[in-house]
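Just so it is clear, the model here is predicted, and its values are computed rather than measured. Lettering follows sequence order; numbering is per chain, from 1. Computed from heavy atoms alone, side chains included, the values below leave out hydrogens, waters and symmetry copies.
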Protein chains: 2
Amino acid sequence: MGGRAKRVTLRSVAQEAGVSLSTASLVFSGAGAVSEATAARVRAAATTVGYRGPDPVASSLRRGRSGVVAVVVEDRLLTVFRDPYAVSRLDGLASVFDEIPASMLLVSQPDGNQGAAATRLASSAFDAAVFFGCGPDAGPVLDTLRAKGVPLVAMDTPVVDDVVRVGIDERPAAAAAAAHLAELGHTRIAQVVLPCDEPAGRVRPAHDYRAERFSTPRDRMHGVADVLGDAVPTVAATASDVDAGRVAGAALLAVADPPTAIVAQSDMLALGVVLAAGERGLDVPRDLSVTGFDGITQSWWPGRLTTVEQPGAEKGREAAHLVRALLAGEAAHDVTLPTRLRVGDSTAPPRSPAPG
Amino acid sequence: MGGRAKRVTLRSVAQEAGVSLSTASLVFSGAGAVSEATAARVRAAATTVGYRGPDPVASSLRRGRSGVVAVVVEDRLLTVFRDPYAVSRLDGLASVFDEIPASMLLVSQPDGNQGAAATRLASSAFDAAVFFGCGPDAGPVLDTLRAKGVPLVAMDTPVVDDVVRVGIDERPAAAAAAAHLAELGHTRIAQVVLPCDEPAGRVRPAHDYRAERFSTPRDRMHGVADVLGDAVPTVAATASDVDAGRVAGAALLAVADPPTAIVAQSDMLALGVVLAAGERGLDVPRDLSVTGFDGITQSWWPGRLTTVEQPGAEKGREAAHLVRALLAGEAAHDVTLPTRLRVGDSTAPPRSPAPG
DNA sequence: CTGAAAGCGCTAACAA
DNA sequence: TTGTTAGCGCTTTCAG
């Protein structure tokens, strides 16, 4: 509100122009089955009375559509946007929304506060929703979204029966990174995984994470296990950022028989590991090989990370296309995008053959 | 649309519960002037018929409020979110929106395409808008917003007569950084400025930028000029990110008589300058002092940047408070937040007294 | 405490 | 091509 003046409605415009309400409406929104002369008269009248265009709310009520797509992110904005990969997905979404056209209602979940997000969603108008890689507790939000009865598209989430999904084949993608290290001759390999159920910071063999409920870290661990077995020393990060990667990397390197290679589940984590190595006087890749995941372009590390590239922006665009299809009443099917191991400067054969 | 089932309305619930429409409405939205018994009956009926709660659109139309605040960013998402400082402002906004409560409609301007943003804004429902540091061409968007007649809050924008604004005193803030370098004994000082009208990459004396229309870079240049005069070798960046800073820094350092200190207009730019220095074999701060602006916490540079701290999250929160006040019909006044020079490890006296 | 009635501003049949 | 009519689903006076 804010004490602003009473809205000028279409009715006044019609009156001023001496036409009926519906004719005036046609001039603004409908396809112009109106003579140019009348249309001009209406537009002139609109200017005269100071009409600001059809009220989107009234129009939405009548048409049954709001032109808004809700985008539900899994965390607070600060966390989400710190990861360039997450941002590229959003940017991809935004670029297609522009064409649809649709506006983007951004719903965050501060401190994983699903309740607040669910409430906000329940009382917001939107025609469809996209939600991101959620953990196992997405219940409230997902229920609210389902209750709305709007089309839903999921990105990088666990498979949900009734929701169209865009993602990648996590397991083989992660396996590719592990295989690359194995081929280089590494035998002492450790991994840093994305935040998950398990408490962060403790180094434990991968099989201790077997019951993991967050699907992304779990599936990638499985991929690594497919190649290296499930005893790989593993540590969970507190977040997917450089700092968390540094802490996790430090933990992995502070053991008696440190690894010669580390698989990280995101590029941000991998860069953190590179820093941790530097702090111990280890050179990457000479003393330590590091692989990442995502394929972001970072500019401050002089080298190029060896990483599993996944098309972030394209994922966003793809999800938006699904939204568009669903909105148009068309069928939409899950999309799995390709990934590709990009070998950069952060991996090399181990410095010396395993002692023995 | 998407072919979903016909909406269950409040009318069916009332019928099922054997109460009137208005009573049922009171149960869901109004303050409960309804006996607990009736309320329970209504709620039960709602479950029976599968009512999903009041339709936000209808409710908005009736109440005259949508519960949405538009947040208009100055660029495409990818660009905006690349700067941690920009993100912290958004996060500050989001945290207060949660309390209001309000949802956030995020409107970007791909390729500075103001037209598209304006159109989208015109056809979207929202009760207020916040917009960010815009260049001189904000016309279309600003006009659309004004036409809506909703309360407007501006962040880090040039002063606009009829819009409440939150920002900092750019000029003295920038002057503080310059003064710090001068006090350390630097005499050969250059600067990297935020993207602006002037073509990026060319090194020219500051007075060549006198007609700059982007207010943030201009005001900060004025601050530097207040201390160092207006002949400071200056280069504009293409963006506010590390890469752009590196390019700009390289340009400044590639001259016959290179500077011993560089003032950068953002931390991201400053970090890029640090990289550029490293590439020329220069140590920061021994061979080159660098100051930033914003006070982000970055984790990969081992040192702490000397920088002008400005409270990003607080700026966002402050803006959201203004929105809340305006929405409540209260008066709201411009807010200017304090800044502070934080001396870190990126500045030191020049290595040797100027040769002479 | 509950019900009846009047719209919020617009759009889309349908009729002229 | 234009006008008439009937709501979209809800909230909110105002009576009872």
Nucleic acid footprint by protein, nucleotides 2-9 of chain D - heavy-atom cut-off 4.0 Å, B for base, S for sugar-phosphate alone: BBB-BBBB
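In the model, B:T38 has a side-chain atom that pairs as donor or acceptor with a side-chain atom of B:S35 under 3.5 Å.
Qualifying side chain to side chain donor-acceptor pair (under 3.5 Å) partners for B:T9, counting only residues two or more places apart in sequence or in other chains: none. The side chain to side chain donor-acceptor pair (under 3.5 Å) search around B:D55 returns none, not counting sequence neighbours.
The minimum heavy-atom distance between A:V323 and A:A128, with the atom names listed, is CG1-CB, 4.0 Å.
With respect to the salt-bridge test (charged N to carboxylate O, under 4.0 angstrom), the residues A:E99 and A:R324 qualify.
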